[in-house]
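Working notes, structure below.
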Amino acid sequence: MHKQDIVNIILQQQNKSYLNITAQDFACSNIALIKYWGKKNNILNIPNNDSLSVPLGNKGAIVSIKISNQEQYYLNSQLLDINHIFFNRLKTFLDLFRIANNYYIVDIQCNIPIAAGLASSACIFAAIIKVLAKLFAWNLNHEQLSILARLGSGSACRSIHDGFVLWQAGKDKNGMDSFATNFAPLFEDLRIGLLIIDKKPKIISSTAAMELTRQTSLFYDKWQEIVNADLAQIKHAILTIDFAKLGQIAEYNSLAMHACMLTSRPTILYSQNATIALMHKVWQLRNSGLSIFFTQDAGANLKLLFLQQDVIQIKKHFPQIEIINPHNKMIIT
Ligand code: DP6
C-alpha cells in the first residue's frame, strides 16, 4: 500500500470539500524517552519498535493554511524556494490531501531550530494535520489523526497527544494500528531543559540515518531487545511516579541508540565535543546528588530531565539552558 491508499481509507467517510478557507493550529514537539530508530516499512513510516515520549510544552510549530490558487510555503516568514529540501517534503505530504484539487499557502512558524534534532518535523507535520482537519472539518479520532501525521514524519504521530505518549509499532502490515496514544499523565513537576549546542541542520537526516543503522549495524537486533526491556521498565517507572528510574532508563536508551548508530557502516556520530563535555557535567552533578539526566536525538543538542525543585541549581550549573514546562500548552482555537 502507498500513503495515498491509507489516506483514502481514513478519509473515505469525511468531507470531500473544504468548509473553511483558512485555519490555524499549534502542535508541540516531543522528545522520545524510548527512541524510535528504524522502520519495518519505509514508505508508511511503520517503526520496528514502540517508543515513548514527552511533549515539549509551548515549543513547536504554529501552522496556518489558506486555500488558494497557488502553492506557497513559508517557513519562519521565509518563502521556500522550489529547490529547498523541505519544499518537496511538504509538497509530497500535502499532495496526499488535495481532495478538492486545491492549492495551499502554508505558513509555518517554528520556535525551535529546524532539523537540528529537536523534533521540528514532528511538530510541523502534526500541526499540518490538525489544520487540515479544521479546513475540511474532518471528524476523526486522535488515533486516525496520529496515523495521518505519521505519514509525514514518524515522530509526528506522538505530537497529536498530551502526557506521556506511547507510539505502538503495531502488527498490521499497512500500519493501521501504528499510532500514538496517551499512556499516562505527566509528572506534575517534570521539567525539560534544552541545551542547544548547534542550531545548524543535522549532518545526516534521521530518516537516512535510521535506515543506515538498520541495514548495516550488527548491533541492530540487540538495540531492539534493549528497547523492549527499557520500555517495560519506563512504563513501570511512570506508573509508580519514580522520576529517578525514568531518568536512568531514558538516558540509557538514548546512549544505546547512539552506540548502535556508531556501529553503522559508515559510522554515524551526531555528538560534538561540547555534547560529550555536557554529558560528563551531568554525570558529575548526578554523582554529587542532583537528580538530572539527559537524552539526545539525531543532533548534537542535549535535553535534560529534572524536577521543578532543582530548577535553581540547574540554572546555576547551565546558564545557557532553556527550561520548558511540558504542561504549558499553546492553545489556538
Ligand atoms: C532520534 O521521526 O524524524 O528523534 O519518520 O523518518 O521522519 P522520520 O524520522 P523522525 O525520527 C526521529 C528519531 C529520533 C527518535 C524519536 O523521536 O523517537
Side-chain angles (χ1 to χ4, degrees), residues 3 27-56 59-61 85-86 88-90 92-93 110 112-129 146-161 164-169 175 178-180 183 192 194 201-215 223-224 226-227 230-231 234 249-251 253-262 264 268-271 275 294-303:
K3 287 181 181 176
C28 69
S29 294
N30 69 79
I31 298 300
L33 303 181
I34 301 296
K35 308 292 187 188
Y36 146 53
W37 199 250
K39 307 179 194 189
K40 56 185 175 211
N41 182 322
N42 286 316
I43 297 169
L44 300 177
N45 290 340
I46 306 175
N48 271 319
N49 58 269
D50 296 358
S51 56
L52 188 138
S53 65
V54 286
L56 264 192
K59 289 278 170 196
I85 184 156
F86 208 56
N88 276 325
R89 211 166 157 198
L90 286 171
T92 313
F93 187 60
C110 206
I112 47 162
I114 308 286
L118 289 159
S120 56
S121 59
C123 58
I124 290 172
F125 287 104
I128 289 176
I129 283 301
S146 178
I147 292 177
L148 294 179
R150 195 197 77 221
L151 300 178
S153 176
S155 51
C157 77
R158 297 186 309 235
S159 278
I160 297 289
H161 295 274
F164 287 109
V165 174
L166 179 65
W167 173 12
Q168 55 177 40
S178 183
F179 49 75
F183 175 69
I192 300 161
L194 295 187
K202 54 190 96 161
I203 41 166
I204 169 171
S205 72
S206 25
T207 310
M210 66 174 78
E211 182 57 7
L212 185 66
T213 313
R214 192 186 66 78
Q215 283 186 5
W223 155 249
Q224 295 291 290
I226 291 171
V227 168
D230 286 351
L231 187 67
I234 212 161
I249 306 288
E251 186 176 296
N253 189 263
S254 161
L255 287 167
M257 176 183 73
H258 285 275
C260 191
M261 281 186 218
L262 269 178
S264 305
I268 303 161
L269 176 61
Y270 285 110
S271 295
T275 318
F294 66 80
T295 183
Q296 178 189 7
D297 291 288
N301 306 311
L302 289 189
K303 294 98 191 185

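Just follow the structure's listing: the first ligand is 1, and inside any ligand the first atom is 1.
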- Item | Contact atoms of ligand 1, heavy-atom distance to Ser155 under 4.0 Å | 2 (O), 3 (O), 10 (P), 17 (O)
- Note on the structure: What one should report as the nearest heavy-atom pair of Ile124 and Ala61 is CG1-CB, 3.9 Å
- Test of proximity, Ser153 against ligand 1: N or O pairs below 3.5 Å: yes
- Message: Under a 4.0 angstrom heavy-atom cut-off, which atoms of ligand 1 come close to Met210?
- Response: 9 (O), 11 (O)
- For Ala169, side chain to side chain contact (heavy atoms under 4.5 Å, CB included) partners two or more places apart: Lys40, Pro47, Asp50
- Do the side-chain N and O atoms of Thr275 and Gln296 include a donor-acceptor pair separated by under 3.5 angstrom? no
- Verify side-chain contact (heavy atoms from CB on, under 4.5 Å) between Leu212 and Ile268, making sure each step is shown before the conclusion. CA-CA 9 Å; Leu212 185 66; Ile268 303 161; 3.7 Å; yes
- Message: As a quick check of understanding, evaluate side-chain contact (heavy atoms from CB on, under 4.5 Å) for Ile249 and Ile34, giving each step before the final call.
- Response: CA-CA 8 Å; Ile249 306 288; Ile34 301 296; 4.0 Å; yes
- Item | Interfacing atoms of ligand 1 (cut-off 4.0 Å, heavy-atom, Asp297) | 1 (C), 4 (O), 14 (C), 15 (C)
- Structural part of Arg89 in contact with ligand 1, heavy atom criterion under 4.0 angstrom: side chain
- Item | Proximal candidate to atom 13 (C) of ligand 1 [heavy atom criterion; set Phe125, Trp167, Tyr36, Tyr270] | Tyr36
- Rounding to 0.5 Å, atoms CD1 (Ile204) and CE (Met261) come to a distance of 9.5 Å
- List for me each residue that meets ring-ring contact (aromatic ring centres under 6.0 Å, His included) alongside Phe164, sequence neighbours excluded, and say none if there are none. Phe187
- Query: Which of the numbered atoms in ligand 1 are below 4.0 angstrom from a heavy atom of Ala32?
  - Reply: 16 (C), 17 (O), 18 (O)
- Task: State whether the shortest distance between N or O atoms of Gly154 and N or O atoms of ligand 1 falls below 3.5 angstrom.
- Result: yes
- Taking only non-hydrogen atoms of Lys39 and a 4.0 Å limit, the atoms of ligand 1 in range are 5 (O), 6 (O), 8 (P)
- Message: Give me the nearest non-hydrogen protein atom to atom 3 (O) of ligand 1 as residue plus atom name, then the distance to 0.1 Å.
- Response: Ser206 OG, 3.0 Å
- Identify, by atom number and element, the atoms of ligand 1 in contact range of Arg158, meaning under 4.0 Å from any of its heavy atoms. 16 (C), 17 (O), 18 (O)
- Message: Under the side chain to side chain donor-acceptor pair (under 3.5 Å) test against Ser51, which residue among Arg158, Gln168, Lys35 passes?
- Response: Arg158
